[in-house]
Amino acid sequence: MTQPPQPPNDPPQGGFGAPQDPPPDGFGAPTPPPADPFGKQPATPPAGGFGAPTPPPAAAQPPAGVPQQPGPGYGYPQGQQPGYGYPQGQPPQPGYGYPQAPVPGQPQQGYGFPQGMPPGQPPQQGYGYPTTPMQQPPQPPQPNGNGKKFSTQMQIIVAASVAVVLIVAGGIWYSSGSGDDGKKDKASQSSGSTEGKSGENKGGAADGAGKEKAPADPKSKVAFQLPLPKVTDITKVDGSWLTDKAYVKTGLNEIVAYDPAKGTKLWSIPLAGQVCAASRHMSKDYKTAIAFEQSKPTKATKYPPCNQVGAIDLSTGKLMWSKSVTAATSGDAAVRFEEVTLSGTTVAAGGSEGGAAFDLNTGAERWKPKATSDGCSDRGYGGGEALAVVRKCGSYDDPQLVIQALNPTTGAPISSYKMPPGVDYASIVSTKPLVVAADVGDTAGDGSGISDFFSIDASTGKLLTRIAADGEKYAARCASTKVESCSQLAVGNNRIYVPTEDHEGTGEYGDTNEIVSFDLTTGKPTSDKADAGDRYTMFPIRMDGGNIIAYRVPPYDKGGQVVSIDGATFKQTVLMENPSDESIRDAETSFTPDYSEFRYNDGHLYLSSTMVSKPSGSLDASRRLVVSFRRDF
């Protein structure tokens with residue numbers, strides 16, 4: 001049977017549930033349609049990964065006794081996440097994203113699976129499962145022709161000049177008529193730059209006032225930590241939510257609620273099997289949706305099928321309902337779900353064999369798409385304030401993707417937009433406004449899954465603008481195997497906010513970056529720019545009204561920070577600053593943006609893993625299922 005991809009550096013042993021005792025150095029306080037994988041996988045991401053702390057060069061080492069932050073362990077993946085839906089009792093069917101038939105008793109080769117990795121070994125680099133090479137030491141400054149060092153400041157000036165020329169030369173945005181008219185997108189040149197001129201492209205008022213307020217003292221402490229569950233194989237633990245009274249996290253064959261201040265268990269929902277997909281959205285009364293396996297693994301069925309979809313009440317800790325559905329093309333076989341989302345009171349779940357939509361409160365089936373004579377089928381859904389679908393038509397070798405805004409209650413299309421040729425998969429970034437990301441012609445080249453953003457009028461299906469997002473300049477990410485997977489970006493104020501790639505800062509060592517934005521109507525870069533600061537890098541977590549909540553990845557000797565960026569002025573306010581103690585810092589920086597969930601609300605920050613596996617190394621000692629920080633109030 002096909003084996004799943006091997007995990008990143010495996011977690012430590014330890015029970016799951018109540019917070020574990022702190023280590024000796026004092027860390028913590030006890031306390032309807034198919035949506036199969038989308039075509040080709042991205043290339044391996046740059047060495048070091050997004051946000052990896054950069055140690056100083058040999059000539060600028062910190063004084064003796066100051067702890068140094070180790071780089072990420074070998075094999076810790078920094079690229080696309082493995083697709084939802086590991087081998088589920090039988091090999092995947094040939095087709096979209098799985099072009100090769102499985103060979104009994106041999107690891108499946110081809111798109112989406114690593115090639116022959118032995119148990120307990122880190123994933124090998126290869127097509128379909130990007131990994132991070134070992135971090136390289138920083139290079140010393142190179143002398144110029146006069147024998148003098150080419151200064152950091154001069155490097156920045158030259159780099160900035162080149163960047164301006166490239167931006168002016170390459171700033172192209174596109175517009176088109178109806179998404180169904182089959183006409184090619186029209187291109188025009190943009191004179192805007194990433195920074196823009198003074199006052200240029202400044203939007204009006206932000207989308208309402210934010211709820212997060214500046215504290216008198218932003219310094220935080222560890223509220224609680226949760227150990228990784230004991231597992232024998234790679235295990236998905238996607239799903240974390242915040243209610244007014246609890247932090248709720250997916251565990252091993254259960255969902256558990258914890259007290260935000262102490263981390264004590266409030267309730268748990270036992271499940272028949274492991275959660276394999278979780279909605280990132282909640283209803284206003286704290287209800288959400290999950291997909292989970294029909295049973296726990298056994299010797300006979302090592303990978304139970306993920307064919308159960310259900311709704312949970314996060315206030316009461318109840319599984320409201322769960323059910324399976326049969327695929328239109330597979331007789332009585334139950335659909336294997338790969339992702340699930342929520343919009344209003346509609347739960348929409350999809351998989352490579354079909355999908356369905358249900359009423360959130362009752363579980364009643366609302367609609368179930370069927371395969372059409374032209375070979376079109378749904379790939380997956382994006383939820384939130386509205387509902388949209390990525391629909392695939394055509395053959396495997398020549399797919400045509402269509403983005404549709406849907407009526408959540410009936411599933412009827414409101415509008416349609418045809419993606420341009422060369423798009424094998426697409427990800428829904430936002431449904432209101434409707435924004436889609438894609439790697440057109442596999443040109444991103446950095447494993448991010450994004451070469452362009454498409455801003456679409458959901459009511460008409462017309463393309464408002466197409467934004468080129470050079471993979472060498474911008475650092476947001478989307479997984480090709482899941483429609484609703486994008487991270488490290490935010491949409492609000494009629495703009496999309498993205499982080500730039502890391503680059504050299506103004507200090508003697510250490511990288512930095514910025515958060516910038518693009519107008520979703522014109523496609524032009526705005527004058528918005530928030531600097532992470534020397535030796536910090538940052539990325540958006542979410543919107544707060546018209547403000548952006550962002551996380552600052554710390555340098556080797558500092559704790560991370562949470563900041564609020566004013567959507568109108570782009571002034572930054574520090575909401576939280578975490579401790580710089582070495583053991584705490586090591587645990588905090590073990591959570592990477594690509595394989596972790598970041599949740600912040602009202603002075604509480606939660607960092608949690610989305611995938612765990614059998615332990616396999618000393619570096620696992622710093623890893624946790626969850627680390628929570630809280631501010632003093």
Side-chain angles (χ1 to χ4, degrees), residues 38-39 170-192 201 203 376 378-394 398-407 412-444 448-471 474 476 478 480 483-484 486 489-498 516-526:
F38 283 77
I172 301 176
W173 78 95
Y174 300 80
S175 62
S176 78
S178 170
D180 291 325
D181 61 8
K183 296 180 180 179
K184 295 182 178 180
D185 297 329
K186 299 178 181 179
S188 59
Q189 296 293 327
S190 168
S191 60
N201 294 324
C376 295
D378 292 1
R379 300 290 89 189
Y381 305 93
E385 293 188 59
L387 187 66
V389 64
V390 175
R391 192 164 174 80
K392 180 239 176 190
C393 300
D398 186 25
Q400 171 64 67
L401 297 190
V402 179
I403 310 301
Q404 292 183 329
L406 302 178
N407 180 315
I414 297 172
S415 65
S416 297
Y417 168 72
K418 288 183 179 179
M419 296 293 286
V423 177
D424 295 328
Y425 66 88
S427 299
I428 296 174
V429 178
S430 167
T431 56
K432 190 176 182 180
L434 182 54
V435 181
V436 174
D439 186 1
V440 181
D442 297 327
T443 57
S448 67
I450 306 170
S451 69
D452 298 82
F453 294 108
F454 296 77
S455 177
I456 302 166
D457 185 331
S459 63
T460 64
K462 291 184 178 180
L463 181 66
L464 299 175
T465 189
R466 174 174 166 178
I467 302 167
D470 189 336
Y474 306 107
C478 299
S480 62
V483 165
E484 194 173 48
C486 299
L489 44 64
V491 173
N493 306 322
N494 196 42
R495 299 181 182 195
I496 185 167
Y497 298 96
V498 296
V516 297
S517 74
F518 294 87
D519 187 289
L520 290 175
T521 300
T522 67
K524 293 183 178 180
T526 75

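Hydrogens, waters and symmetry mates play no part in the numbers below; they use all other heavy atoms, side chains included.
- Here the side chain of Ser517 pairs no donor or acceptor atom with the backbone of Tyr497 at under 3.5 angstrom.
- In terms of heavy atoms, Tyr417 sits closest to Gly461 at CB-O, 3.4 Å.
- With Asn494 as reference, Asp519 is the one residue of Asp519, Leu464, Thr522 to meet the side chain to side chain contact (heavy atoms under 4.5 Å, CB included) rule.
- Ser427 contributes no side-chain N or O that, together with a main-chain N or O of Cys486, makes up a donor-acceptor pair within less than 3.5 Å.
- Contact annotation: the side chain of Phe454 approaches that of Pro420 to within less than 4.5 Å [non-hydrogen atoms, C-beta and beyond].
- Taking each heavy atom of Pro433 and Val491 in turn, the nearest pair found is CG-CG1, 3.8 Å.
- Side chain of Gln400 to main chain of Met419: a donor-acceptor pair is present (N/O by atom type, distance under 3.5 Å, no hydrogens or angles).
- Remark: Arg466 engages Asp452 in a salt bridge, criterion side-chain N to carboxylate O under 4.0 Å.
- Contact record, Ala386 with Lys432: CB-CB, 4.4 Å, taken as the closest heavy-atom pair.
- With rounding to the nearest 0.5 Å, the separation of OG in Ser416 from NZ in Lys462 is 14.0 Å.
- In terms of heavy atoms, Pro413 sits closest to Leu406 at CA-CD2, 3.9 Å.
- Of the inter-residue distances, the one linking Leu434 atom CG with Leu520 atom CG reads 10.5 Å to the nearest 0.5 angstrom.
- Closest non-hydrogen pair, Arg391 versus Cys376, comes out as NH2-O, 3.6 Å.
- Here CD1 of Ile428 is found 6.0 Å from CD1 of Ile403. Values are rounded to the nearest 0.5 Å.
- Residues Tyr474 and Phe518 place their aromatic rings such that the two centres sit under 6.0 Å apart.
- Side-chain atoms of Val436 and Phe453, non-hydrogen and from C-beta on, never get closer than 4.5 Å to each other.
- Looking at residues two or more places apart in sequence or on another chain, you find a side chain to side chain donor-acceptor pair (under 3.5 Å) between Glu484 and His281, Thr341.
- The minimum heavy-atom distance between Ile414 and Ala458, with the atom names listed, is CG2-O, 3.9 Å.
- Residues Val516 and Val498 form a side-chain contact, since some pair of their non-hydrogen atoms from C-beta on lies under 4.5 Å apart.
- A search for side chain to side chain donor-acceptor pair (under 3.5 Å) contacts involving Asp470 returns nothing, not counting sequence neighbours.
- If you take CD1 on Ile450 and CD1 on Ile467, they are separated by 11.5 Å, rounding to the nearest 0.5 Å.
- Residues Arg495 and Thr526 meet the side-chain proximity criterion, which asks for heavy atoms closer than 4.5 Å.
- The CD1 atom of Ile496 lies 8.5 Å from the OG atom of Ser430; values are rounded to the nearest 0.5 Å.
- Note: Leu401 CG to Asp424 CG = 7.5 Å, rounded to the nearest 0.5 Å.
- Considering only residues two or more places apart in sequence or on other chains, Ala444 meets the side-chain contact (heavy atoms from CB on, under 4.5 Å) condition with Asp439, Asp446, Ser448, Ser451.
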